[in-house]
2 protein chains.
Amino acid sequence: MQSNDLRKAGLKATLPRLKILEVLQHNRADHLSAEGVYRRLIDSNEDIGLATIYRVLSQFEDAGLVIRHHFEDGHALFELDQGPHDHLICMKCGHIEEFFDDEIQERQKSLAEKSGFDLSKHTLVLYGDCQTANCENNMPDHTTGKTTNK
Amino acid sequence: MQSNDLRKAGLKATLPRLKILEVLQHNRADHLSAEGVYRRLIDSNEDIGLATIYRVLSQFEDAGLVIRHHFEDGHALFELDQGPHDHLICMKCGHIEEFFDDEIQERQKSLAEKSGFDLSKHTLVLYGDCQTANCENNMPDHTTGKTTNK
DNA sequence: CTTCTTGCAAATCATTTGCAGGGCG
DNA sequence: CGCCCTGCAAATGATTTGCAAGAAG
């Protein structure tokens, strides 16, 4: 029961919050926009206002449950926080893949140190062409959050 | 005479474009928002509309003269394209520093390859605290583009 | 001259906020 | 039952676009 996750975060376990959390969990592999979450809820016949989605996602972000990204297209995408990792994004189909590399991690740390920075977080995104057969070469509607593919 | 840079890019050498290019060059070390460029022009008694700034910056981007970034705060910052490099950003004062690291570069290439991606570009940003004496601990007005410091 | 540009105001888009009614603890 | 939460509509802020008047080649 994920009501606990919410309580732990100091949030009442309300229906909208549970539903939104559910959507995020069912789409662990994806990175959804607020609209994307909205769409999926509508499709599931859940009647939740878009404003609420934004509010809840921000609360989740503050609670550390979710991470908000601003990739190159400017608008925000959300994903459950599942530990540190970086992203590979296909510029043709929008497919997003995750990866983690110790060596790069290390290097970042020492580079920040060299500049006297106390590093708190980072963002590394590799953009390219995923070259897969089913790369549909059509970027998903930014509003849809339909970022799955491949 | 930078009129040439413009002509080469297929753009007429108009006053607004020259002035904007000038601002970008005088602030090579910085990363300005459209508003930031606007402010500086106003301060120089140049009467150029904000819409024009946006239009020109986009044209410059298309022409490859300028790079548009979307750091974590969501709104766009521009800088002259001076070859590949990554960024270190102080979350307290907004200071932005640039760096370049071959090892990370290499690693990125091989990671993309491993995933079958044809890499075309990347973004690496390290966020932290610059810890300098003059870190004013006050983020610059996002609209100002006053990103210099330290 | 003809076409590319600009300035201004109006239009969009994503996201945020105010407020009155509802629901969790 | 009180305070936190939601929905809706209106407010915002950044960026874009339409259009008529102006310059560049």
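A, B, ... follow the sequence lines: proteins, then strands. Residue 1 opens every chain. Everything numeric here is computed off the predicted structure, so don't read it as measured data. Heavy-atom basis, side chains included; hydrogens, waters and symmetry copies ignored.
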Proximity to DNA chain D (any heavy atom under 4.0 Å), residues of residues 45-53 of chain A only: A:D47, A:I48, A:G49, A:A51, A:T52

Audit row: A:E22, A:H26, side-chain contact (heavy atoms from CB on, under 4.5 Å) steps and yes/no: CA-CA 6 Å; A:E22 213 170 88; A:H26 287 339; 3.8 Å; yes

Within 6.0 angstrom of B:K114 NZ, more than 12 heavy atoms from elsewhere: no

Here the distance between atom C1' of C:dT6 and atom CG of B:L41, to the nearest Å, is 14 Å

Which is more 5' along DNA chain D, the nucleotide nearest B:L15 or the one nearest B:F78? Just name the residue. B:F78

Assign B:R68 to base, sugar-phosphate, or nothing according to its heavy-atom contacts below 4.0 angstrom with the strands shown. nothing

Does A:R7 place a side-chain N or O at less than 4.0 Å from the phosphate oxygens OP1/OP2 of C:dG25? yes

Among residues 55-66 of chain B, which ones have heavy-atom contacts with DNA chain D below 4.0 Å? B:R55

Can you check whether B:T14 has a side-chain N or O nearer than 4.0 Å to OP1 or OP2 of C:dC4? no

Check the distance between C:dG7's C1' and B:I42's CD1 and give it to me in whole angstrom. 12 Å

Side-chain contact check for B:A34: nearest option of C:dA14, C:dC4, D:dT15 is D:dT15

Roughly, in whole Å, what's the span from NE2 in B:H75 to C1' in C:dC13? 17 Å

If you measure only the distance, is there a donor-acceptor pair under 3.5 Å linking the side chains of B:E79 and B:H85? yes

Taking atom C1' of C:dT6 as reference, at what distance in whole Å does atom OH of B:Y38 sit? 13 Å

Validation row: A:F117, B:C90 side chains within 4.5 angstrom (heavy atoms): yes

Send over the distance from B:D73 CG to C:dT15 P, rounded to a whole Å. 14 Å

How far does the helix from C:dC1-D:dG25 to C:dG25-D:dC1 bend, going by the axes of its first and last five pairs, to the nearest 10°? 40°

Any B:L80 side-chain heavy atom under 4.5 Å of B:L21 side chain: yes

Aromatic contact, B:H69 with B:H87 (centres under 6.0 Å): yes

Side-chain touch A:V23/A:L41, heavy atoms, less than 4.5 angstrom: yes

d(NZ, A:K12; P, D:dC3) in whole Å: 10 Å

Salt-bridge test for A:R39 and A:E35: reply yes if a basic N is under 4.0 Å from a carboxylate O, no otherwise. yes

Output the rounded distance in Å from CZ (A:R17) to P (C:dG23). 15 Å

Thinking salt bridges, do B:E46 and B:R40 make one under a 4.0 Å N-O criterion? no

Distance-only polar pair, side chains of B:S58 and B:R68, donor-acceptor under 3.5 Å: yes

Counting C-beta onward and ignoring hydrogens, is there a side-chain heavy-atom pair between A:L65 and A:D81 closer than 4.5 Å? no

For A:D86 and A:H122, does a side-chain donor sit closer than 3.5 Å to a side-chain acceptor? yes

C:dT16 OP1/OP2 closer than 4.0 Å to side-chain N/O of A:Y54: no

Counting only side-chain heavy atoms from C-beta out, which of C:dT15, C:dT5, D:dC5 sits nearest to B:L11? C:dT5

Expressed as a whole number of angstroms, how long is the span from A:L6:CG to C:dG25:C1'? 14 Å

